[in-house]
Novice: 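What follows is a single structure, and I will ask about it in a moment.
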Amino acid sequence: MSNIVPSIKKRHIMALAESGKRIDGRGLTDMRKLEIRTNVLDKAEGSATVKLGDTYVIAGIKFEIGDPFPDIPNEGVISVNAEFLPLASPTFESGPPDERAIELARIVDRAFRGAKMINTQRLCIIPGKKVWIVWVDIFILDHCGNLIDASALASLCALMTTKMPRTEVIENEVKVLNEYVPLPISNLPITITLAKIGDKLFVDPSLDEEEVMDCRISVAFVEKNGQEHICAMQKGGPGILTPEELMRAVEIAKVKSQELRKIVLSGGE
Amino acid sequence: MSNIVPSIKKRHIMALAESGKRIDGRGLTDMRKLEIRTNVLDKAEGSATVKLGDTYVIAGIKFEIGDPFPDIPNEGVISVNAEFLPLASPTFESGPPDERAIELARIVDRAFRGAKMINTQRLCIIPGKKVWIVWVDIFILDHCGNLIDASALASLCALMTTKMPRTEVIENEVKVLNEYVPLPISNLPITITLAKIGDKLFVDPSLDEEEVMDCRISVAFVEKNGQEHICAMQKGGPGILTPEELMRAVEIAKVKSQELRKIVLSGGE
Amino acid sequence: MSNIVPSIKKRHIMALAESGKRIDGRGLTDMRKLEIRTNVLDKAEGSATVKLGDTYVIAGIKFEIGDPFPDIPNEGVISVNAEFLPLASPTFESGPPDERAIELARIVDRAFRGAKMINTQRLCIIPGKKVWIVWVDIFILDHCGNLIDASALASLCALMTTKMPRTEVIENEVKVLNEYVPLPISNLPITITLAKIGDKLFVDPSLDEEEVMDCRISVAFVEKNGQEHICAMQKGGPGILTPEELMRAVEIAKVKSQELRKIVLSGGE
Amino acid sequence: MGIRKLISEDGLRIDGRRLDEIRPIRFKIGVLKNADGSAYVEWGKTKILVGVYGPREAHPKHLAVPDRCIVQARYHMAPFSVEERKSPAPSRREIELSKVIREALEPAIFVEMFPRTTIDIFAEVLQADGSTRCATISAASLALADAGIPMRDLVSSIAVAKVEDQIVLDVKDEEDKHGSADMPIAIMPSKNVITLIQMDGMLTYEEFKKAFELAKKGCMEVYKKQRETLESYFKEIKVGLENV
Amino acid sequence: MGIRKLISEDGLRIDGRRLDEIRPIRFKIGVLKNADGSAYVEWGKTKILVGVYGPREAHPKHLAVPDRCIVQARYHMAPFSVEERKSPAPSRREIELSKVIREALEPAIFVEMFPRTTIDIFAEVLQADGSTRCATISAASLALADAGIPMRDLVSSIAVAKVEDQIVLDVKDEEDKHGSADMPIAIMPSKNVITLIQMDGMLTYEEFKKAFELAKKGCMEVYKKQRETLESYFKEIKVGLENV
Amino acid sequence: MGIRKLISEDGLRIDGRRLDEIRPIRFKIGVLKNADGSAYVEWGKTKILVGVYGPREAHPKHLAVPDRCIVQARYHMAPFSVEERKSPAPSRREIELSKVIREALEPAIFVEMFPRTTIDIFAEVLQADGSTRCATISAASLALADAGIPMRDLVSSIAVAKVEDQIVLDVKDEEDKHGSADMPIAIMPSKNVITLIQMDGMLTYEEFKKAFELAKKGCMEVYKKQRETLESYFKEIKVGLENV
């Protein structure tokens with residue numbers, strides 16, 4: 001494995017960036033073309049696909065009745081999982097989720113949690129005994145860079161269109177009705193990931209950019225009470241950020257997340 | 001790993017087959033010597049060993065009280081498992097069942113299911129709550145070809161001699177009595193496997209034949225209402241069958257399964 | 001991997017032993033310096049560290065409410081586990097316990113069981129329904145020889161200082177109180193391990209000695225009714241023992257275990 | 001489990017199909033960027049994505065054999081593809097189906113042309129409504145073609161079943177659940193050879209022959225759709241190239 | 001758990017044996033076709049099959065060492081070998097027993113004669129009624145001999161126990177469950193050396209010595225049976241060869 | 001979950017600390033014999049042991065890369081380190097933290113100096129009372145220094161949080177549980193660069209900036225303690241050497 005090709009590519013990417021350009025023609029803060037489709041599956045209670053450039057992700061939502069955690073007996077459980085399918089990249093292998101898939105799922109999960117997006121108390125069926133477990137399964141179908149943002153978006157859009165089954169409790173037996181209500185969602189966190197290459201930040205990095213980046217920083221924003229709040233953040237990769245780069249990344253993410261939230265609220269694209 | 005030896009062996013086997021002969025002296029539709037022994041173990045509720053030539057298989061039956069499947073709340077569960085023990089062949093390794101062992105168990109299982117051999121409703125203890133799980137564990141002890149038929153036969157004979165514990169239910173508590181009734185069995189599926197080598201079909205293939213075969217086809221027959229029915233079928237291996245070969249295999253399997261069923265009903269050998 | 005270095009070392013160790021000496025200056029029946037510290041953790045219900053020379057082991061005790069075994073419905077459960085942490089030795093790897101760790105945990109466990117050290121009936125909460133599971137987790141922190149004795153000692157001392165939560169049962173619901181009683185312990189088994197190198201026995205073998213030993217023999221003694229009893233024994237390693245060597249090992253272990261028990265009862269060191 | 005009739009008195013099925021009618025099938029080729037070949041199929045409500053990698057260097061290397069390529073297949077169901085969430089860990093059923101799917105496709109591939117390599121076929125069932133193995137095999141042969149892998153023929157696959165004593169083509173979930181026999185087959189249509197056959201349930205020899213003939217007819221319909229899709233896909237590509 | 005007496009007043013055990021009496025033991029050699037060596041033992045109701053492969057090329061290769069062969073052993077219980085079905089996945093107990101069984105057999109093997117190879121010993125407990133590790137070790141040495149592996153001596157093994165304050169030989173399940181000490185040993189009888197000793201329970205030093213002597217006596221009986229079986233097996237083979 | 005105030009009216013926290021006050025931190029270097037470098041930290045009630053091996057030959061070998069060493073980290077919690085016993089198998093949380101800890105330390109290591117090798121960092125949390133990842137990173141840089149691995153700078157780490165609408169430094173368990181935001185960071189203090197930042201909860205941009213500044217201040221305090229420990233450790237070693 002020679003490092004010659006990446007280092008040439010890196011120099012090329014950095015040279016272009018000096019004049020604010022990228023190898024796929026975008027500006028440094030431009031996202032790739034985005035296509036969101038929701039309710040793409042009948043058997044899932046919610047679903048969405050996201051195409052971000054050629055990156056392709058699907059998220060599906062399933063409900064299951066289960067036990068609450070002992071320390072929060074009156075709240076349902078959100079479980080976010082990610083599978084890096086071997087068909088999505090020659091670098092992915094079959095098997096249980098590796099550290100990349102686990103990190104991704106936990107970043108997505110933390111943004112939802114930080115934003116208090118889902119009212120988990122409304123997922124309680126019998127206090128202390130039975131609650132809804134909401135499974136959010138993210139499947140990476142084509143890996144062309146920036147899986148975090150695509151996955152966060154697909155999960156968000158799938159949850160937004162999710163219909164929750166109603167239940168009836170008779171003598172401690174739960175009966176699932178054939179009626180549905182929307183999932184109790186309020187705040188919409190939007191995650192923006194930037195790659196750092198040299199001293200430049202690249203919004204929505206492509207696979208080429210990720211291969212040569214020093215590190216990445218993901219920042220999720222949510223609007224609450226008319227004000228933008230950071231609700232999750234994660235640096236990834238073995239590089240460093242200066243405090244100035246961090247602040248710059250947060251500011252760019254704030255702007256881009258607002259743009260993206262508008263698109264989501266307007267129903268995609 | 002040279003392919004010269006197998007290809008010489010294959011030519012030899014095919015040449016012999018032209019005159020209806022096999023390297024171990026059998027005719028193309030002859031089975032190897034069969035020895036069935038039942039009730040070989042005391043601690044299992046049912047057991048049988050089958051020797052088919054040098055292929056040696058044991059099946060043991062155990063009962064366990066468990067929960068029914070939600071969609072068939074009033075039926076017990078049959079669980080067929082196969083272990084390819086490392087002592088049985090230099091090609092078997094320790095570890096959880098691989099695709100060969102899983103396929104074998106599922107073929108055996110499907111023949112039982114297809115034939116509706118066991119009245120699973122009679123395995124229900126408390127409707128919707130507690131049922132018998134019948135564990136059928138197949139252990140391959142010596143692998144000398146045609147594991148499917150030997151395993152199907154060992155499982156069948158073990159089940160035929162299985163004694164089911166009686167239970168008493170007092171205030172939703174199950175008490176297992178020290179009394180036994182036979183397992184409710186009616187139809188006896190018999191599986192016959194044929195190897196295809198060139199354009200010839202070989203009943204009950206030996207290990208030598210399996211090593212050079214193009215593919216195999218297994219067909220299970222059961223007699224119901226005085227008529228023979230196919231109750232399971234499976235092609236295995238990366239070769240092809242012509243429609244004529246398939247029909248021929250089914251016809252041979254019909255004859256051979258009747259012969260074999262007679263042996264089983266007459267108590268083996 | 002050459003065997004020259006170990007064989008030179010072995011000859012050196014054997015030559016020294018002829019005059020009753022060891023490479024670290026000890027006599028053949030001397031133990032290394034021992035430091036015991038108990039109650040080293042707040043979140044564990046009991047804990048102890050043992051340093052035996054440079055060998056360093058920690059044991060922590062946790063309680064959990066669980067189901068009894070069906071055949072002993074009125075007794076709690078002691079579960080001893082050992083982890084050979086990768087930081088403790090270049091020869092240890094991450095992953096589930098291997099045969100060495102499992103053997104060690106089971107030797108420690110058997111000495112407790114053989115000595116009937118813990119009154120497991122007093123760990124029953126609701127007979128037949130709910131009992132205390134006492135988790136004894138042994139972590140090897142630095143592997144410099146004789147892990148068995150250090151682990152047995154750390155577990156023993158941790159258990160001796162363990163406080164057991166009191167419970168209240170109201171209508172079949174278990175409530176854990178914020179009160180504690182000592183764990184019901186009576187007999188104190190002490191395990192002594194000897195390495196056999198050539199025809200000599202080495203008490204408390206160091207790593208150097210273990211690397212060249214033929215085999216080891218561990219013997220646990222407990223005092224009951226004023227009399228010493230053997231309560232566990234295990235030979236390890238692919239070597240042989242003569243009957244005389246075995247008897248000698250048992251006699252030495254009897255003496256050394258009495259010495260060690262005095263130290264434990266006097267509060268360590 | 002109510003006693004709902006699966007076949008009406010005028011011989012129509014719960015979704016209005018005749019006994020020998022297949023569901024709407026739509027193939028799409030070249031849907032993934034990274035995979036060397038890919039295809040997507042909607043087969044009634046069944047939705048499956050297939051990606052193919054290879055021929056490529058065997059990984060791990062000890063898989064390689066000197067005189068041909070190794071074909072590997074993974075059939076996997078998404079947790080959200082079924083009514084009750086399925087664990088993403090491969091079940092025994094998925095392991096068996098991966099094997100029979102591989103053995104159904106391998107006969108069509110000129111494996112001798114690529115010694116010491118592997119071809120990996122990955123199928124993801126995004127939604128399952130019966131016939132998932134048949135849909136996987138049929139879509140996978142298009143993905144293999146998309147990857148430029150030389151094949152003797154496409155493999156076309158469909159299932160027949162016995163439902164309320166009648167032999168019907170291409171069963172969906174509800175029919176499958178209450179049917180009394182199920183038989184998926186796969187063939188290479190232009191060679192008239194079988195690469196997959198499985199069966200469970202109860203069929204007399206006559207029913208079996210009838211079922212087999214119906215299945216072959218169904219495979220030919222699938223084959224037609226596969227070829228149409230391939231032709232228009234390669235036409236598009238050609239048109240694309242001419243516009244360069 | 002009733003209070004049933006395990007030893008009668010006239011010193012007989014529940015199966016009628018005297019305190020120092022072993023159960024009927026029947027060895028059979030050469031019972032498997034594929035294995036390089038094999039043996040089967042019925043030891044009371046305990047039934048065990050052992051197969052040996054090797055010396056053979058180490059697999060995976062990194063196991064090989066340059067100056068001797070590696071001995072590996074797997075002790076495994078069939079799910080149907082015990083009262084309550086046992087999961088086929090190896091338990092902690094099976095992993096420990098595999099280790100001590102290997103270490104009990106290895107001293108008898110001339111491991112230096114086969115550098116860079118492995119010898120694999122696979123034992124399947126088909127029915128367990130006490131003493132399974134001893135029966136495995138005893139049968140495995142016959143299987144090793146059958147495989148033609150040069151050995152210093154056979155390994156013979158048996159367990160002693162303390163039951164109702166008496167030292168008894170060769171305990172079966174019921175005795176074991178209610179016994180207050182259990183001590184399996186293995187020896188190379190003609191060398192008078194110990195290759196396995198384990199113990200748990202409570203024995204005074206005097207009881208231990210008594211138990212050890214009884215165990216040695218038991219091992220000699222096992223040894224006699226092993227040798228008789230071997231002799232008649234090799235006689236048979238010889239006769240077979242003369243008839244060729 | 002009672003409504004206990006976590007911050008008193010005079011701005012003190014449940015353990016009496018001011019908002020910007022860190023807990024008592026005590027590092028110890030060179031605590032293990034086998035590891036090439038080691039450190040132990042008590043950080044309030046949090047207790048962590050770190051051992052470092054390397055640079056050493058990559059194992060398995062395919063991990064090796066030709067132009068630098070591979071850094072690996074394992075963050076693991078002892079079952080007895082928390083209120084409810086934790087299974088010793090690595091959880092998803094531990095797997096993620098192992099990754100971010102590795103990525104927080106790697107920028108400080110001159111990885112190009114040791115091609116084809118690995119450096120392995122093993123951290124065991126013996127008791128967890130908040131800030132375990134920060135304590136691990138801070139102790140691990142001392143263990144790396146103890147192993148003699150050339151570094152650009154130490155890495156110093158601490159967490160800030162929002163508790164009852166105030167930004168506080170170095171939260172312990174109880175504060176963390178009821179806090180509304182948590183942000184661990186790690187920096188190389190003499191370089192003023194960030195090697196780890198994570199956050200969850202809700203912070204306005206202004207709160208974030210304030211939190212970040214407070215965290216940097218906290219890291220400098222940790223850095224001071226790290227350097228003091230290192231200096232007295234190497235002084236001791238030097239004194240020891242002079243006495244030889």
Side-chain angles (χ1 to χ4, degrees), chain A residues 1-3 7 70-73 79-81 96-107 109-116 187 189 214-222 224-225 227-247 249-251 253-254, chain F residues 1 62 64-68 70-71 73 83-84 90-100 102-109 111 152-153 155 162 177 180-188 191-209 211-213 215-216:
Chain A
M1 263 167 271
S2 155
N3 280 333
S7 82
D71 52 336
I72 39 170
S79 178
V80 180
N81 301 281
D98 67 6
E99 61 170 29
R100 295 174 297 180
I102 288 171
E103 186 194 28
L104 181 142
R106 286 175 58 85
I107 294 173
D109 185 48
R110 275 201 290 270
F112 294 163
R113 249 170 246 284
K116 293 185 196 305
N187 314 314
D214 300 304
C215 64
R216 60 167 157 73
I217 173 83
S218 303
V219 187
F221 271 94
V222 66
K224 203 177 175 187
N225 307 329
Q227 199 180 3
E228 290 292 333
H229 291 74
I230 306 168
C231 63
M233 206 181 294
Q234 179 109 339
K235 175 201 157 244
I240 57 105
L241 283 175
T242 65
E244 298 68 40
E245 286 164 350
L246 174 64
M247 292 305 154
V250 171
E251 280 159 26
K254 187 175 173 184
Chain F
M1 192 161 67
H62 67 80
V65 291
D67 59 346
R68 60 187 172 86
I70 293 292
V71 179
E83 290 301 336
E84 304 285 323
S91 65
R92 286 162 51 103
R93 179 181 168 275
E94 284 166 290
I95 291 169
E96 187 205 346
L97 290 199
S98 294
K99 179 176 187 288
V100 299
R102 182 185 76 224
E103 293 172 346
L105 291 164
E106 187 170 335
I109 299 170
V111 291
R152 293 184 171 81
D153 194 2
V155 182
K162 188 160 97 177
K177 207 180 291 175
S180 55
D182 184 32
M183 185 169 85
I185 79 162
I187 65 173
M188 283 194 271
K191 308 272 173 190
N192 193 27
V193 294
I194 301 155
T195 69
L196 170 134
I197 183 159
Q198 295 186 285
M199 194 282 249
D200 71 289
M202 279 230 225
L203 295 177
T204 63
Y205 187 49
E206 287 63 40
E207 286 171 333
F208 164 66
K209 279 196 291 193
F212 183 74
E213 289 309 317
K216 274 211 317 201

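By convention in this document, chain letters (A, B, ...) are assigned in the order of the sequence lines, proteins followed by strands, and residues within each chain are numbered from 1. As a basis for the values below, the full set of heavy atoms in this structure was taken, side chains included, without hydrogen atoms, waters or symmetry mates.
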Novice: Heavy-atom pairs under 4.5 Å with chain F - which of A/Glu244, A/Lys224, A/Met247 has more of them than the others?
Specialist: A/Met247
Novice: Would you confirm whether F/Glu103, through its side chain, and A/Gly237, through its main-chain N or O, come within 3.5 Å as a donor-acceptor pair?
Specialist: yes
Novice: For the atom pair CD1 (F/Ile197) and CD (A/Gln234), what is the distance rounded to the nearest 0.5 Å?
Specialist: 10.0 Å
Novice: Using heavy-atom distances under 4.5 Å, tell me whether F/Lys216 contacts chain A through its side chain, its backbone, both, or neither.
Specialist: side chain
Novice: Output the option from A/Val250, A/Thr242, A/Ile107 having the highest count of non-hydrogen pairs under 4.5 Å with chain F.
Specialist: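 Counting heavy-atom pairs under 4.5 Å, the top option is A/Val250.
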Novice: Take F/Lys99 and A/Glu103, measure what salt bridge (Lys or Arg N to Asp or Glu O under 4.0 Å) needs, and give me the verdict at the end.
Specialist: CA-CA 8 Å; F/Lys99 179 176 187 288; A/Glu103 186 194 28; 2.7 Å; yes
Novice: Which one wins on heavy-atom pair count under 4.5 Å against chain F: A/Glu251, A/Lys254, A/Glu245?
Specialist: A/Glu251
Novice: I'd like to verify something: which residue of A/Cys215, A/Ala232, A/Pro243 has the highest number of heavy-atom pairs under 4.5 Å with chain F?
Specialist: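 When all of A/Cys215, A/Ala232, A/Pro243 are compared, A/Pro243 has the most.
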Novice: Any chance you could lay out the side-chain contact (heavy atoms from CB on, under 4.5 Å) test for F/Tyr205 and A/Gln227, step after step, and finish with the verdict?
Specialist: CA-CA 10 Å; F/Tyr205 187 49; A/Gln227 199 180 3; over 6 Å; no
Novice: If you tally heavy-atom pairs under 4.5 Å against chain A, which of F/Lys191, F/Glu106, F/Met188 wins?
Specialist: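 Counting heavy-atom pairs under 4.5 Å, the top option is F/Glu106.
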Novice: Answer yes when A/Arg106 and F/Glu96 have at least one side-chain N-carboxylate O distance shorter than 4.0 Å, and no when they do not.
Specialist: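 Counted as a salt bridge, because a side-chain N and a carboxylate O are separated by less than 4.0 Å.
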Novice: With rounding to the nearest 0.5 angstrom, report the CD to CE distance, A/Glu228 to F/Met202.
Specialist: 11.0 Å
Novice: Between A/Val222 and chain F, with a heavy-atom cut-off of 4.5 Å, which part of the residue counts as in contact: side chain, backbone, both or neither?
Specialist: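 Contact with chain F: side chain only.
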Novice: Output the distance between atom CD1 (F/Ile95) and atom CZ (A/Arg100), rounded to the nearest 0.5 Å.
Specialist: 13.5 Å
Novice: Could you pull out the closest heavy-atom pair between F/Pro107 and A/Pro238, with the gap in Å?
Specialist: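 F/Pro107 and A/Pro238 have their closest heavy atoms at CG-O, 3.3 Å.
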Novice: Take A/Met233 and F/Ile185 through the side-chain contact (heavy atoms from CB on, under 4.5 Å) test and state the conclusion after the steps.
Specialist: CA-CA 11 Å; A/Met233 206 181 294; F/Ile185 79 162; over 6 Å; no
Novice: Can you tell which part of A/Ile72 gets under 4.5 Å to a heavy atom of chain F, answering side chain, backbone, both or neither?
Specialist: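 No part of A/Ile72 comes within 4.5 Å of chain F.
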Novice: Looking at F/Arg92 and A/Asn81, what are the two nearest heavy atoms and their distance?
Specialist: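 Taking every non-hydrogen atom into account, NH1-OD1, 3.3 Å.
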Novice: Kindly compute the distance separating CD (F/Glu84) from CG (A/Asp71), expressed to the nearest 0.5 Å.
Specialist: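 The distance works out to 8.5 Å.
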Novice: How far does CD of F/Gln198 sit from OG of A/Ser218, to the nearest 0.5 angstrom?
Specialist: 11.0 Å
Novice: Given heavy-atom pairs under 4.5 angstrom as the criterion, report whether the side chain, backbone, both or neither of F/Arg93 touches chain A.
Specialist: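 Its backbone and side chain both get close to chain A.
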Novice: Using non-hydrogen atoms and a 4.5 Å limit, figure out which bit of A/Ile230 sits close to chain F: side chain, backbone, both or neither.
Specialist: both
Novice: How long is the gap from CD1 on A/Ile240 to CG on F/Asn192, to the nearest 0.5 Å?
Specialist: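 Going from the CD1 atom of A/Ile240 to the CG atom of F/Asn192 covers 9.5 Å.
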